[in-house]
Amino acid sequence: MPILEHRTTLRTSPGRSYPCGATITPEGVNFALFSEHAQEVFLLLFDLPDAPPTDIIRLEQKNRYIWHILIHDVGAGQLYGYKVRGPYDPSQGHRFNDTKLLICPYARAVTGKIRNSDRLLNSFHASVSGDADLLSDRRDNTLLVPKGIVVDNAFDWQGDCPPEISFEQLVIYEAHLKGFTAHPSSAVAHPGSYLGFMEKIPYLKSLGINAVEFLPLHEFYVEDFLVANGLTNYWGYNTALFFAPESSYAAVPGNQVQEFKSLVRELHKAGIEVILDVVYNHTGEGNELGPTFSLKGIDNRSYYCLTGPPEEPYRYYHNYSGCGNSLRIANPHVLRLVMDSLRYWVEEMHVDGFRFDLASVLGRGDAGDFQRNSAFFHAVAQDPVLCRVKLIAEPWDTDTYQVGNFPVEWAEWNDRFRDTVRRFMRGEKGQIADLGWRLTGSADLFSHGGRSAFHSVNFVTCHDGFTLYDLVSYKRRHNRANREKNNDGAWENYSANCGVEGESDDFRVKLMRRRMVKNFLCILFFSTGTPLLSAGDEVLRSQQGNNNAYCQDNELSWFNWEDLERSNDILAFCRKAIALTRQYRVLHRNKFFDGCVTPDGLCDIVWYDHNLKHPLWDNPKKRILCFRLTGEGGGAPVPVRFSSSSTPRVGR
Amino acid sequence: MKVKIPPRTDGGSWLRIVDTALSAGDDFSEPGEEAPLEGEGATYLAAPQSVVVLVG
């Protein structure tokens with residue numbers, strides 16, 4: 001690789017420091033990159049992803065730490081990357097290495113997956129033991145690293161309008177974009193892709209759901225240890241780039257932006273909203289021994305929460321995410337990156353909401369403490385674009401649990417609902433008092449601070465943990481396929497196997513499992529709050545007891561379309577359950593119950609035991625709960641009884 | 001287990017929409033085909049581990 005020095009015949013102008021990223025203008029493309037601590041920034045242009053650069057351009061303009069330039073006579077489809085020069089001094093948090101090509105954090109598409117072949121992404125010299133990250137690796141990796149693609153925002157939206165479904169009407173379907181059609185039984189033209197998913201919209205429509213929550217679709221990095229184990233990162237909770245749709249989900253390589261937009265447009269035509277599961281709590285660059293492909297090489301000290309002993313205070317990474325690093329969102333420039341990304345996905349990609357992975361990290365200040373009034377929460381609250389979309393938090397991280405504590409704009413995943421409903425349904429004693437709260441929107445957690453009944457996102461299962469069928473078929477996790485000797489995944493699942501661990505030919509076992517699944521579906525859909533159904537639970541999808549299938553990109557995880565026939569009874573039941581919630585407004589309230597008398601002369605909710613007496617909430621032996629709901633605004637009264645009298649087991 | 005059902009204020013019958021203990025097809029009524037429960041102050045025989053939904 002030639003020495004890094006300015007060489008170009010292209011016409012350039014100073015350009016502007018706003019907006020960040022590569023922006024097409026009438027004169028060419030404006031490039032802008034934030035780095036407070038860089039000494040020199042070089043823009044590299046490419047004709048081909050795996051060829052040397054055609055041009056290396058030293059950026060001379062810097063305004064408020066943003067380096068910028070306008071390149072004339074280039075446009076959409078131009079490939080680019082950066083090299084950034086500065087000190088390699090990990091103890092002070094600086095990991096500049098001008099032999100490593102860096103991807104623009106605002107890249108809207110990349111030419112392929114980021115891979116750490118021969119450890120060329122590591123900016124440190126791997127062969128040095130002990131202080132492995134202190135010596136820099138000077139091997140050039142320009143050919144290896146994927147290139148950013150300059151993207152034209154133009155797209156035929158065909159008059160697309162967001163469905164704007166009110167939150168209390170929402171029925172969320174959590175799905176993996178690839179896994180939904182990767183199985184051969186999907187019989188789509190482009191399996192495992194944005195376009196493949198598009199072919200299955202009629203199924204979603206017939207199910208009755210009105211929002212799809214996609215597992216991460218931002219370009220993600222597959223961790224080195226998974227590659228070394230012959231596994232992969234299936235779920236994708238390891239974001240590399242906050243603006244780029246995952247490249248491997250494109251039916252036509254490089255076409256991911258257009259395909260993603262097509263999918264959103266067609267889902268909207270079917271009246272289905274698009275919610276993205278987004279991971280802003282950390283990046284795929286890992287800790288001090290992780291790869292460098294973007295932020296770490298651009299300005300490590302600004303972008304990440306760093307720590308260390310007094311003699312090397314910035315060498316190490318805070319790890320609130322459990323994934324190696326934490327994005328330093330308390331820095332205004334980093335906050336801007338996140339906010340620009342969120343607005344981009346709304347304004348240019350037309351998504352309708354976000355579910356924030358480990359959202360508690362985003363509430364941490366520079367001192368690491370969770371604050372309801374953090375800079376991020378304030379930025380979101382006042383944002384004229386984000387106020388239109390749904391915001392859902394996963395309200396915890398590795399060591400802070402904040403269920404019920406997020407600001408008024410936020411709905412939250414409610415794991416208390418999950419656990420209590422599971423424990424009640426498997427016959428545990430002493431559950432009905434807590435169950436009463438969970439069935440009615442968890443007012444004990446959410447009724448303060450101006451929030452509404454729909455702010456509790458209720459779920460029994462999700463991508464993480466047992467599938468619904470496995471929840472009633474396995475007492476224990478069976479994760480050996482993950483190659484960690486069954487030591488990974490949650491230990492406690494509050495599951496019950498109906499008498500046999502795993503598959504059984506006993507029709508009584510099968511029947512009991514189906515009944516239990518139907519019970520869970522009833523509780524999920526008929527409880528107050530926003531229901532979230534995990535894709536495949538409506539057709540008894542099984543992962544053979546694996547409760548941590550994050551690395552299983554294969555038939556263990558994929559949606560098997562043959563299950564529709566095998567489980568058509570459960571599918572029909574699920575469709576009817578969702579349809580019933582459309583019929584009775586009392587089943588999707590926005591107000592919490594208050595026990596007040598309605599115009600019909602009835603209380604909005606009355607609780608009973610089996611004898612029409614007041615339930616003995618605190619009697620641990622009570623395992624039946626009945627209640628009557630009276631509709632607000634015309635819904636008919638619907639008494640609902642839930643009962644559970646013993647551990648689900650069939651006579652033998 | 002026998003579960004007592006509250007009387008309807010208008011004297012009408014409750015309609016059963018869901019009983020998860022029933023076999024497929026009967027477990028969730030088609031709209032308009034819900035089975036009425038006879039008599040006031042009636043009881044419903046609910047199976048263990050089941051969910052029953054009535055509408056009136």
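Throughout, protein chains are lettered first and strands after them, A, B, ... in sequence-line order, and every chain is numbered starting at 1.
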Query raised in the report: Any side-chain heavy atom of B:Lys4 within less than 4.5 Å of one from A:Lys613?
Result: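 Counting from C-beta outward, B:Lys4 and A:Lys613 never come under 4.5 Å.
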Requested in this report: Would you check if A:Phe573 and B:Thr20 make a side-chain contact, meaning some heavy-atom pair closer than 4.5 Å?
Outcome: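 In contact.
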Report task. Give, as side chain, backbone, both or neither, the part of A:Ala579 having an atom under 4.5 angstrom from any heavy atom of chain B. Result ->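 Answer is neither: A:Ala579 stays 4.5 Å or more from chain B.
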Any chance you could measure [X], atom [atom1], to [Y], atom [atom2], to the nearest 0.5 Å?
{"X": "A:Ile570", "Y": "B:Asp27", "atom1": "CD1", "atom2": "CG", "value": "7.5 Å"}
{"X": "A:Leu580", "Y": "B:Ser29", "atom1": "CG", "atom2": "OG", "value": "10.0 Å"}
{"X": "A:Arg514", "Y": "B:Ser23", "atom1": "CZ", "atom2": "OG", "value": "12.0 Å"}

Give the minimum heavy-atom separation between [X] and [Y], together with the two atoms involved.
{"X": "A:Arg515", "Y": "B:Ala47", "value": "NH1-CB, 3.8 Å"}
{"X": "A:Lys576", "Y": "B:Phe28", "value": "NZ-O, 2.8 Å"}
{"X": "B:Val18", "Y": "A:Cys522", "value": "CG1-SG, 3.8 Å"}

Report task. Would you please test B:Val51 and A:Lys518 for side chain to side chain contact (heavy atoms under 4.5 Å, CB included) and show each step? Result -> CA-CA 8 Å; B:Val51 175; A:Lys518 292 188 287 187; over 6 Å; no
Query raised in the report: Should we count CD of A:Glu565 as having more than 12 external heavy atoms under 6.0 Å?
Result: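 At most 12 heavy atoms, drawn from other residues, nucleotides or ligands, come within 6.0 Å of this atom.
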Query raised in the report: Hey, is CG on A:Asp505 packed in by over 12 heavy atoms from elsewhere, all under 6.0 Å?
Result: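 Open.
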Query raised in the report: For B:Gln49, does its backbone N or O pair with a side-chain atom of A:Asn519 as donor and acceptor, under 3.5 Å?
Result: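 A pair under 3.5 Å: yes.
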Requested in this report: Identify which part of B:Leu22 has an atom lying under 4.5 Å from any heavy atom of chain A, answering side chain, backbone, both or neither.
Outcome: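 The backbone, not the side chain.
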